[in-house]
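Below you'll find the structure, written out as structure tokens, and then a few comments.
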2 protein chains.
Amino acid sequence: MLLRIDVNSEETLYSQLSNQIKYGIARGYLMPGEDLPSVRGLASELGINMHTVSKAYATLKEEGIIIINRSKGVKVSDEVLISRDDDYGKIFDKKMTELIAEGLCNGYDKDQFMNKANQLFDEIGGK
Amino acid sequence: MLLRIDVNSEETLYSQLSNQIKYGIARGYLMPGEDLPSVRGLASELGINMHTVSKAYATLKEEGIIIINRSKGVKVSDEVLISRDDDYGKIFDKKMTELIAEGLCNGYDKDQFMNKANQLFDEIGGK
DNA sequence: TCAACTGTTATAGTGTTATTATAACAGTTA
DNA sequence: TAACTGTTATAATAACACTATAACAGTTGA
């Protein structure tokens, strides 16, 4: 899977990386159990520092989305897309509430929110 | 409207403030045209610095959600909840895509996403 | 066994951001 | 004039983001 970063973005580099990997998994570009590039390899490929990649991987590991093995490397979790972490429930609620509130402040009512969600799920290909 | 901040939160103080104000508007606690506390008054009330409040207000002004008048003070935009800023469309798409992707990685499929959205809109009271 | 690869840890430097603290400025209003 | 608005400027501290080296420990293949 192709990963890109924009050094001029306001979003931090490691956040760009982790978001792209999450999107790749959701989209099916990355399959459960699939290997990810090594921290050194990806850093070299992207022209950034090893630790920046390591931090992105560390956050994904913290969320249970990838599995890191000290000697074997990094891969997508086998149970991702299936198992739900209960601790994530509150985080998800808070993020969606913020999106709904901000959307309402910008003229997105419930119908428009739902239509946009439907459209984006179609694009991603989620059932 | 009651505003609170948690200095131990990972979220920045000004981000907490702006999110709560957006939620207050969405929820109807704050009405279009309604006055907001002065930067000094709110800072004093919350026990934080004037500039931190000022930054929260500045970001909300940037998003067109509040109106700042150098001498009259701060108030909620009159057209908030109605008018849509076209520039916000891309931001909204990106944020929702990220939420969908992250949700999918944590076991939230489309049905669960939609159900949660319905539930939260009911709680907020959006039509 | 040796070399090459994994992620991890440590240390250090630089630049940016978040927050606080004062102070002054300019416009409005009673 | 006095008291209130937001704004701007300056400075200090702390935390964060990113980079640069270097070393460590486990695994794997030649």
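Order of the sequence lines fixes the chain letters, A, B, ..., with proteins taken first and strands second; residue numbering starts at 1 for each chain.
- For the residue pair A:Lys110 / B:Asn118, a side-chain donor-acceptor distance below 3.5 Å is found, with atom types taken as modelled.
- For B:Ser71 and C:dA26, the shortest distance from a side-chain N or O to OP1 or OP2 is not below 4.0 Å.
- At a threshold of 4.5 Å between non-hydrogen side-chain atoms, the residues A:Leu30 and A:Leu36 count as touching.
- Here the side chain of A:Ser77 pairs a donor or acceptor atom with the backbone of A:Ile65 at under 3.5 angstrom.
- Here C:dA18 presents its P atom at 19 Å from OH of B:Tyr57, a figure rounded to the nearest Å.
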Could you list, one pair per line, each protein nitrogen or oxygen that sits under 3.5 Å from a nitrogen or oxygen of nucleotides 7-10 of chain D, together with the distance?
{"unit_1": "D:dT7", "atom_1": "O4", "unit_2": "B:Arg40", "atom_2": "NH2", "d": "3.3"}
{"unit_1": "D:dT8", "atom_1": "O4", "unit_2": "B:His51", "atom_2": "NE2", "d": "3.1"}
{"unit_1": "D:dA9", "atom_1": "N6", "unit_2": "B:His51", "atom_2": "NE2", "d": "2.8"}

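- Taking atom CG on A:Asn49 and atom C1' on C:dT11, their separation rounds to 13 Å, with Å as the unit.
- Residue B:Asp35 contributes atom CG, which lies 13 Å from atom P of C:dT29 at whole-angstrom precision.
- Note: CD (A:Glu11) to C1' (C:dT17) measures 16 Å, nearest angstrom.
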Where do N or O atoms of nucleotides 14-17 of chain D meet protein N or O atoms at under 3.5 Å, pair by pair?
{"unit_1": "D:dA17", "atom_1": "OP1", "unit_2": "A:Tyr14", "atom_2": "OH", "d": "2.5"}
{"unit_1": "D:dA17", "atom_1": "OP2", "unit_2": "A:Lys55", "atom_2": "NZ", "d": "2.4"}

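- Checking A:Gln16 against A:Gln20 by side-chain atom types alone, no donor-acceptor pair falls below 3.5 Å.
- With a 6.0 Å radius and a threshold of 12 heavy atoms from other residues, nucleotides or ligands, A:Gln119 has its CD atom above the threshold.
- The separation between A:Leu46 atom CG and D:dC18 atom P is 13 Å, rounded to whole Å.
- Other residues, nucleotides and ligands contribute more than 12 heavy atoms inside 6.0 Å of the CD atom of B:Glu11.
- The 12-atom threshold is exceeded at CE of B:Met1, counting heavy atoms of other residues, nucleotides or ligands nearer than 6.0 Å.
- Nearest heavy-atom pair, A:Ile124 versus A:Ala26, reported as atom, atom and distance to 0.1 Å: CG2-O, 3.6 Å.
- Here C:dG7 presents its C1' atom at 15 Å from CG of A:Leu60, a figure rounded to the nearest Å.
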